[in-house]
Novice: 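Here it is, the structure, as structure tokens.
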Amino acid sequence: MSTTSEPEASRSSDDRATPDSLLHSAPGTGVAPEDLVMASGRDVTPATLEWARKKMEREGPNCIERLLP
């Protein structure tokens, strides 16, 4: 009989969940407009870069935290 679960030792490291502490952007490390555009799920274009620059000017670099888990 075969099961779909694998023993922990046989799983690759890619199968493990990323720790929550690594999923945050740490805005103090230099968030760029490109980062904000990509976090929003948009394509990087001149128009979306301008949107991101304006948003960051209004709300600060922490605004990316609202887009990330």
Side-chain angles (χ1 to χ4, degrees):
M1 182 166 97
S2 174
T3 64
T4 58
S5 64
E6 297 177 31
E8 191 67 29
S10 68
R11 291 184 182 176
S12 74
S13 62
D14 293 338
D15 290 340
R16 293 195 175 96
T18 302
D20 188 53
S21 63
L22 298 177
L23 294 175
H24 298 281
S25 66
T29 61
V31 175
E34 291 85 355
D35 300 326
L36 185 58
V37 171
M38 289 186 284
S40 72
R42 301 174 185 186
D43 291 330
V44 178
T45 67
T48 58
L49 287 172
E50 185 61 25
W51 164 81
R53 282 187 201 98
K54 288 180 181 178
K55 185 170 182 67
M56 290 176 72
E57 285 174 10
R58 284 191 315 270
E59 301 174 26
N62 289 343
C63 65
I64 195 168
E65 288 297 321
R66 290 183 217 118
L67 299 172
L68 299 174

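Just so it is clear, the values below take in all heavy atoms, side chains as well, and ignore hydrogens, waters and symmetry mates. All residue numbers refer to positions in the sequence shown, counting from 1.
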Novice: Roughly how far, to the nearest 0.5 Å, is the CZ atom of Arg53 from the CG atom of Leu36?
Specialist: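 One gets 11.0 Å once the value is rounded to the nearest 0.5 Å.
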Novice: Supply the atom-to-atom distance Arg66 CZ to Lys55 NZ, rounded to the nearest 0.5 angstrom.
Specialist: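 These two atoms lie 6.0 Å from each other.
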Novice: Mind checking the CG-CG spacing from Asp35 to Leu67? Nearest 0.5 Å is all I need.
Specialist: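 The distance works out to 11.5 Å.
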Novice: Would you confirm whether Thr48, through its side chain, and Arg42, through its main-chain N or O, come within 3.5 Å as a donor-acceptor pair?
Specialist: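 The answer is no, because no donor-acceptor pair under 3.5 Å joins these two groups.
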Novice: So, for Ala52 and Val37, which heavy atoms are closest and what is the spacing to 0.1 Å?
Specialist: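 Scanning both residues completely, I find the closest heavy atoms to be CB-CG2, 3.7 Å.
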Novice: Can you tell me how far apart CG (Asp43) and CE (Met38) are? Round to the nearest 0.5 Å.
Specialist: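 One gets 11.0 Å once the value is rounded to the nearest 0.5 Å.
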Novice: Flag the pair Trp51 / Ser40 as yes when at least one side-chain heavy-atom distance between them is below 4.5 Å, and no otherwise.
Specialist: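 The answer is yes; the side chains approach within 4.5 Å.
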Novice: Can you name the nearest heavy-atom pair linking Glu34 to Val44, along with the distance?
Specialist: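 Smallest interatomic distance, heavy atoms only, reads CG-CG1, 4.3 Å.
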